[in-house]
Participant: 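Below: one structure in structure tokens.
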Amino acid sequence: MAVLTLAQIKLLMLDRAQANVATDAPATVAEQERFINEAYADLWEISGGSVKRVASATAWTSASTATGIVAGILTDIAEVISLFQTTVSGSTGSETDTELDQVELGYIKHVRGAFGYSNYSVPKLFALTRTATLTPADVGKLRLDYWPSVTGFFFPVHYRPQFTILDDTVVTTPDVNDLESRDIGLLAAAKLAPLIGRAELVPSILADVSQRTSEMLERKLRSLVSADQDR
Amino acid sequence: MAIALRRLRDRIRGRLRDTDAQAPTFVPVEYDQAISDAYLELQSRLPAARLYTASGLTIGAGGDTFTLPATVAQYTGGDGGAEYRGDVRIRLQSTGRFLTKSTTDEIDAFRDLSPTVYLSVPEHYALWEEKDQTVRGRVYPGARVAEICDLFVTLEADDLRDFIGSGADDMDDVEILFSRTAATALIYYAAADLLTRMAPEEQQKRRINPQVVPLWLKAADTLLYREAGRRHDLEDTGRVQRWVP
């Protein structure tokens, strides 16, 4: 079974909520998409996200600098999985590139000012900080601090992207697996049903949610109620 | 046989299962510090390395003092600051004779009541180390003509962190001057040191049992003892010796 598209998820949601009508629909198209994206956000968190692999020029405004500081370009980085150093400009982190160790920014500041650690000719450590900004387009950009501040290197990065909502034109397919894409429709239906007077359908809808998603949702609900993450 | 520092670093890192670059327990700088410290510790427990330098020293004509070379490169790119272990033998090229090692008090006794230095062919020498680790010496008699000497010395191991660069080399390429046996002892020793310093929650994350530390230290001691035995066997003649000057 392939991953469902937004259109298929909509049909699934409306069918299960008994609201799949052309005349006097209880929820508008925009409202349907909001319910779906709300459910998608829950599934996104459970799914763990996928990894994007980009070249240095895609992620950073320049290659390595003599200051050991490089500004970021991307605004959709949720978590950096790996950062590499390479002399190949277009590399996206190949098997011949060396991964840097991630440390706190304080450690980078310490080694920059230290004299007892001898010489390294390739970057070894890095730290990331999110840049404060009032410009909407710059929200989420990162600053890369690395050590030692040698030049001539590029920094391809593997990262987990932030959540991107579904829409009819650009992002039409959720970044989850096949069962999880079905669960999006079911969860959205469970959220929609009570609001359109179909609350009695919720148990039957949730009964069809996949086992893994059920367990993760139950655990999330327990942590919200009791803050107990260990069970 | 020398081994590049980066190879030992990775073997220690693998032994500690500290291979996750996203959340490392120790970073390369910390590993290199542990390796460098362990290297000096283990070298101090082994017989000193010997060095023969032909024409390594010249006693100037009319003088009675000399200075041992202050720079002896032990590995490529090192700063070469020489620190002598203690076994120093000096042979005059003019006569082929080894000078007799004496104390400064004995040299003073030879020189007593002589306002000028008696010049001839040197026979005795004494050494002392000054506060900057420069080793100087005096001979008796003084040298009537310039005497070129061959040097046989023992040296303390150089610190791996005193790397000042050579070409494109960096700390990754610094040569650890150990045999295979001693290098393995260093791996065990440095890994035990780092594991002892590792916080319990990091040990759990790495799925590593700290009870292995005594085993590693014992293995390091065994290997080091074996290495010291090998070095002694190399120089030994297999019979009891007694040398009387």
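To find a chain, count down the sequence lines: A is the first, B the second, and so on, and within it residues start at 1. Owing to the predicted nature of the structure, the values given are computational and were not obtained by experimental measurement.
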Participant: Is it the side chain or the backbone of A:Ile81 that comes within 4.5 Å of chain B heavy atoms, both, or neither?
Facilitator: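 Contact with chain B: backbone and side chain both.
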Participant: What part of A:Ser82 gets within 4.5 angstrom of chain B, counting heavy atoms only: side chain, backbone, both, or neither?
Facilitator: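 Neither part.
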Participant: Taking the six-membered ring for Trp and the single ring otherwise, decide whether the centroids of A:Trp147 and A:Phe126 are under 6.0 Å apart.
Facilitator: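 That pair fails the under 6.0 Å test.
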Participant: Where on A:Tyr107 is there a heavy atom nearer than 4.5 Å to chain B: the side chain, the backbone, both, or neither?
Facilitator: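 Only the side chain of A:Tyr107 comes within 4.5 Å of chain B.
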Participant: Regarding B:Arg45 and B:Glu41, does a basic nitrogen lie under 4.0 Å from an acidic carboxylate oxygen?
Facilitator: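 Result for this pair is yes, salt bridge flagged.
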Participant: How about OH on B:Tyr225, more than 12 heavy atoms from neighbouring residues, nucleotides or ligands closer than 6.0 Å, or not?
Facilitator: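 Not more than 12 within 6.0 Å, no.
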Participant: Where on B:Gln33 is there a heavy atom nearer than 4.5 Å to chain A: the side chain, the backbone, both, or neither?
Facilitator: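 Contact with chain A involves the side chain of B:Gln33 alone.
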Participant: So does B:Asp18 pair up with B:Arg206, basic N to acidic O under 4.0 Å?
Facilitator: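 Salt bridge flag = yes for B:Arg206 with B:Asp18.
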Participant: Take atom CZ in B:Arg197; do more than 12 heavy atoms of anything else shown fall under 6.0 Å from it?
Facilitator: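 Enclosed.
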Participant: Pick one of side chain, backbone, both or neither for A:Leu83, based on which atoms fall under 4.5 Å of a heavy atom in chain B.
Facilitator: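 For A:Leu83, there is no contact with chain B at all, as no heavy atom is under 4.5 Å.
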Participant: Taking side chain as everything from C-beta outward and backbone as N, CA, C, O, which of these in A:Val122 sits under 4.5 Å from a heavy atom of chain B? Side chain, backbone, both or neither.
Facilitator: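 Contact with chain B is through both the backbone and side chain of A:Val122.
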